[in-house]
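Following: one structure in structure tokens, then a few remarks.
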Amino acid sequence: MYIDRTITLESSKLPQMLKDDFSDLQRYYDDGDWFNFGITLENSVPSIKAFYANGTIDGEMFKLIQRKYGIV
């Protein structure tokens with residue numbers, strides 16, 4: 001589990017739900033709370049995929065999110 005801090009996501013292109021999830025992920029990561037980090041990441045993946053599938057986020061943003069959070 002990791003966050004690639006070299007990748008910056010343009011928050012204006014993200015739905016509020018994902019912004020909130022990513023904020024929580026960052027907090028858990030910084031605190032070393034791997035349990036909540038893992039659960040939040042697992043719960044976020046379906047939403048990320050749904051936002052991509054319905055066109056809310058584009059392919060470029062989807063790939064950046066995958067790389068930033070190590071989502072396969």
Using the ring of each side chain (for Trp, its six-membered ring), is Trp34 parallel, tilted or perpendicular to Tyr29, with breaks at 30° and 60°?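 Judged by the thresholds at 30° and 60°, the geometry between Trp34 and Tyr29 is perpendicular.
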Euclidean distance, [Y] [atom2] relative to [X] [atom1], rounded to 0.5 Å:
X	Y	atom1	atom2	value
Ile65	Leu9	CD1	CG	5.5 Å
Ile3	Arg67	CD1	CZ	15.0 Å
Phe22	Ser11	CZ	OG	11.0 Å
Lys49	Ile71	NZ	CD1	8.5 Å

Salt bridge check: are Arg27 and Asp30 linked by an N-O gap of less than 4.0 Å?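 No salt bridge links Arg27 with Asp30.
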Hydrophobic cluster membership, with links at side-chain heavy-atom distances under 4.5 Å among I/L/V/M/F/W/Y: are Ile39 and Ile48 in one?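 Unlinked, Ile39 and Ile48 end up in two clusters.
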Any idea which heavy atoms bring Gly59 and Tyr52 closest together, and the distance?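 So the minimum-distance heavy-atom pair works out to CA-CE1, 3.4 Å.
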Do you know the tightest heavy-atom contact between Ile57 and Lys13?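 Closest approach of Ile57 to Lys13: CG2-O, 3.9 Å.
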Could you tell me whether the side chain of Asp4 and the main chain of Thr6 form a donor-acceptor pair under 3.5 Å?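 Checked: pair present.
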Tyr28 ring center near Phe37 ring center (under 6.0 Å):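 Ring-ring flag for Tyr28/Phe37: false, centres at least 6.0 Å apart.
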For Asp20, all residues meeting side chain to side chain contact (heavy atoms under 4.5 Å, CB included), sequence neighbours excluded: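 Scan of Asp20 (side chain to side chain contact (heavy atoms under 4.5 Å, CB included), adjacent residues dropped) gives Gln16.
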Are side-chain heavy atoms of Met61 and Gln66 found at a separation under 4.5 Å?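 Counting from C-beta outward, Met61 and Gln66 never come under 4.5 Å.
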Asn36 vs Asp33, side-chain contact (heavy atoms from CB on, under 4.5 Å): CA-CA, chis, key distance, verdict: CA-CA 6 Å; Asn36 282 312; Asp33 185 349; 2.8 Å; yes
Does atom OH (Tyr2) have a neighbourhood of more than 12 heavy atoms from anything else shown, all under 6.0 Å?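 It does: Tyr2 OH has more than 12 such atoms within range.
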Determine whether Glu60 and Glu10 satisfy the following criterion, side-chain contact (heavy atoms from CB on, under 4.5 Å), listing intermediate values before the conclusion. CA-CA 11 Å; Glu60 181 180 337; Glu10 190 175 333; over 6 Å; no
